[in-house]
Amino acid sequence: MSTSPQLGPRRGSDLKDLGIIHDAAVLCLGGKIVSVGSTQDALRDPWIRKHRKKITEIDCSGKVVLPGFVDSHAHPVFVSPRLIDFEKRIEGASYEQIAAAGGGIRSSLEGVRKAAKSALIAKVADVLRDMAAYGTTTVEAKSGYGLTVESEMKSLEVIKQAASRWPGTVVPTLLGAHVVPKEFQGCSQKYVEIVCKEMIPRAAERKLARFVDVFCDKGAFTSEETEQIFQAAAQHGLSVRAHMGQLSETRLAPFLRFDPASFDHMDHVHDDDVAALAKSDTVATLVPGANYFLGLKDYPNARRLIDAGVAVALATDYNPGTSPTISMPMAMSLACTHMKMSPAEAIAAATINGAWALRLADRKGSIEPGKDADLAVFDVEDYREIPYWFGANHCSMTIANGVIVKRD
Ligand SMILES: [Zn+2]
């Protein structure tokens, strides 16, 4: 699969245009894609003929080769699964009731605050390896389960260390504003000041984060607090993204002046904001794994967003509370069955638009000369089988920055 170069993220009817090449060949050199075309043309190429003995050939006949998935929303720095929350939810408790009973995000804090850095690094490194086994080659990794200056910096250092051990690409995000920790309940403004005046400056100075994220919703941070945090991020040269509209509707247009890379979840969005987003380069990142795992009847209205011209991406939202999955094919399957996205739209949303959501579209998300050699090979004859065989992993090989990270 390749995609033609273009000026912005995929929108509207362009989202389903995969630019499929049958019987294709991809030449990679030094971690980059050098050329893409038909196998016949590759075999006639004088340079390839001359150097054929030195080239490692990987036979992918009968298989589907995609750009490596770009998982643009993940929370990998945590210690334990939240099994009590899982059982309580099955018994009928809501997200808010679980949080009020001491579960939810706050129950993951103690583990991360107490954990040794080495133990967290090992956990994140394991997750990156497992993600690659499902075809993911670029991962956004958020902090956000420490929520003290020290533990948030520790989480970002963990991401950096784990990333250095993985051939794929990791984009670190500071999510100090994940939830107001218990110590600051009733005085959230004090906590916001710590995020703005301590966490953001430190993360920026030490180049530990590319983005600042905020969970803007009821029970988390208000629009005013989010604006304050975005302002601080901008002052320190960090780009912004936010969890928006998961539990309730927040008006989005006022935030567009900060040029957010992405608004994520987007279950509840005002009509006027849909129109404003369609005119912006801010991506709407949908994470149907969270709706699935929370057992919700409703999913984000992807059709409404896509048909209005909003750039839509798909991600796992890998986290211990609401979406414990590393599988982009599973997210794609849910997008098809519950959000009425076509398989082709799901693939573009999980690759090139994910790359836009991380501001990496110049290097990631499509198989084009000059981009990083990130490829995922699936042992299926038709790309539509990838979301079709849900729950199974048909990825037989993953190449990240030119390095084979998974091979069956
Ligand atoms: Zn999230």
Side-chain angles (χ1 to χ4, degrees), residues 1-20 66-67 69-73 140 211 216 223 230 239-246 248-288 290-291 298-315 317 328 331-332 334-362 364-366 368 383 387:
M1 185 191 102
S2 83
T3 54
S4 53
Q6 50 187 311
L7 297 170
R10 292 300 187 98
R11 302 171 191 277
S13 59
D14 284 346
L15 189 63
K16 61 179 185 298
D17 176 18
L18 297 182
I20 295 169
L66 295 186
F69 294 127
V70 179
D71 190 350
S72 59
H73 185 142
E140 187 245 13
F211 290 100
C216 178
S223 291
F230 278 9
S239 301
V240 298
R241 54 200 315 109
H243 290 64
M244 286 286 185
Q246 181 183 9
S248 60
E249 186 183 291
T250 298
R251 291 309 306 268
L252 304 174
F255 295 109
L256 291 177
R257 67 188 173 94
F258 294 100
D259 188 24
S262 176
F263 288 138
D264 300 34
H265 285 282
M266 304 288 275
D267 296 69
H268 307 278
V269 192
H270 194 280
D271 279 338
D272 294 349
D273 287 332
V274 172
L277 280 174
K279 292 194 203 100
S280 79
D281 274 349
T282 301
V283 175
T285 301
L286 310 181
V287 291
N291 299 66
D298 294 324
Y299 281 68
N301 193 337
R303 282 265 58 95
R304 173 184 173 225
L305 295 169
I306 294 166
D307 297 342
V310 177
V312 166
L314 284 171
D317 191 16
M328 287 295 280
M332 287 158 55
L334 292 170
C336 294
T337 56
H338 289 266
M339 306 196 308
K340 308 301 172 206
M341 288 172 69
S342 70
E345 288 175 328
I347 286 174
T351 54
I352 186 66
N353 275 10
W356 277 101
L358 295 180
R359 300 263 159 92
L360 288 178
D362 56 331
K364 305 286 181 189
S366 59
E368 289 177 85
Y383 72 88

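Along the sequence shown, residues are numbered consecutively beginning with 1.
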Visitor: Any chance you could measure Asp307, atom CG, to Asn301, atom CG, to the nearest 0.5 Å?
Guide: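 So the CG of Asp307 and the CG of Asn301 are separated by 9.0 Å.
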
Visitor: Looking at NE2 of His338 and OH of Tyr299, how far apart are the two atoms once the value is rounded to the nearest 0.5 Å?
Guide: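 The distance works out to 4.0 Å.
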
Visitor: Please report the interatomic distance CZ(Arg11) to CH2(Trp356), rounded to the nearest 0.5 Å.
Guide: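 It is 9.0 Å, given to the nearest 0.5 Å.
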
Visitor: Not counting sequence neighbours, which residues clear side-chain contact (heavy atoms from CB on, under 4.5 Å) with Ala242? List them please.
Guide: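 Counting only residues at least two positions away or on another chain, Ala242 forms a side-chain contact (heavy atoms from CB on, under 4.5 Å) with Asp213, Phe230, Met244, Phe263.
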
Visitor: For Cys216 and Thr250, work out which heavy atoms get closest and say how close.
Guide: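 Taking every non-hydrogen atom into account, SG-CG2, 3.8 Å.
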
Visitor: Which residue, Asn291, Ile306, Asp317, Leu305, forms the side chain to side chain contact (heavy atoms under 4.5 Å, CB included) with Leu286?
Guide: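 Looking at Asn291, Ile306, Asp317, Leu305, the match for Leu286 under the side chain to side chain contact (heavy atoms under 4.5 Å, CB included) is Leu305.
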
Visitor: Counting only N and O atoms by type, is there a donor-acceptor contact under 3.5 Å from the side chain of Ser280 to the main-chain atoms of Thr282?
Guide: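 Indeed, once roles are kept as given, a pair shorter than 3.5 Å links the two residues.
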
Visitor: Is the closest side-chain heavy-atom distance between Arg241 and Val283 below 4.5 Å?
Guide: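 Of all side-chain heavy-atom pairs linking Val283 with Arg241, none is under 4.5 Å.
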
Visitor: Does any non-hydrogen side-chain atom of Asp267 lie less than 4.5 Å from one of Asp298?
Guide: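 The answer is no; the side chains never approach within 4.5 Å.
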
Visitor: If you take all heavy atoms of Arg303 and Lys340, which pair is closest and at what distance?
Guide: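 In terms of heavy atoms, the two residues are closest at NH1-O, 2.8 Å.
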
Visitor: Going by heavy atoms in the side chains, are Met339 and Pro288 under 4.5 Å from each other?
Guide: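 They are in side-chain contact.
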
Visitor: Would His73 and His265 count as having a side-chain donor-acceptor pair, cut-off 3.5 Å?
Guide: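 Distance-only check fails for His73 and His265.
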
Visitor: Not counting sequence neighbours, which residues clear side chain to side chain donor-acceptor pair (under 3.5 Å) with Arg304? List them please.
Guide: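 Arg304 satisfies side chain to side chain donor-acceptor pair (under 3.5 Å) with Asp271 once adjacent residues are dropped.
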
Visitor: When you measure from the side chain of Asp273 to the backbone N and O of Ala253, does any donor-acceptor pair fall under 3.5 Å?
Guide: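 Such a contact is found between Asp273 side chain and Ala253 backbone.
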
Visitor: Before giving the answer on salt bridge (Lys or Arg N to Asp or Glu O under 4.0 Å), spell out for Glu345 and Arg10 the whole-Å C-alpha distance, their side-chain angles and the decisive distance to 0.1 Å.
Guide: CA-CA 9 Å; Glu345 288 175 328; Arg10 292 300 187 98; over 6 Å; no

Visitor: Evaluate the salt bridge (Lys or Arg N to Asp or Glu O under 4.0 Å) criterion for residues Asp281 and Arg359: first the C-alpha distance (whole Å), next the side-chain angles of each, then the deciding distance (0.1 Å), finally the verdict.
Guide: CA-CA 10 Å; Asp281 274 349; Arg359 300 263 159 92; over 6 Å; no

Visitor: Going by side chain to side chain contact (heavy atoms under 4.5 Å, CB included), Ser72 matches just one of Leu360, Thr285, Leu314, Val287. Which one?
Guide: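 Single side chain to side chain contact (heavy atoms under 4.5 Å, CB included) partner of Ser72 among Leu360, Thr285, Leu314, Val287: Thr285.
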
Visitor: Taking all atoms of both residues into account, what is the closest heavy-atom pair of Phe258 and Val240, and its distance?
Guide: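 That closest heavy-atom pairing would be O-CG2, 3.8 Å.
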
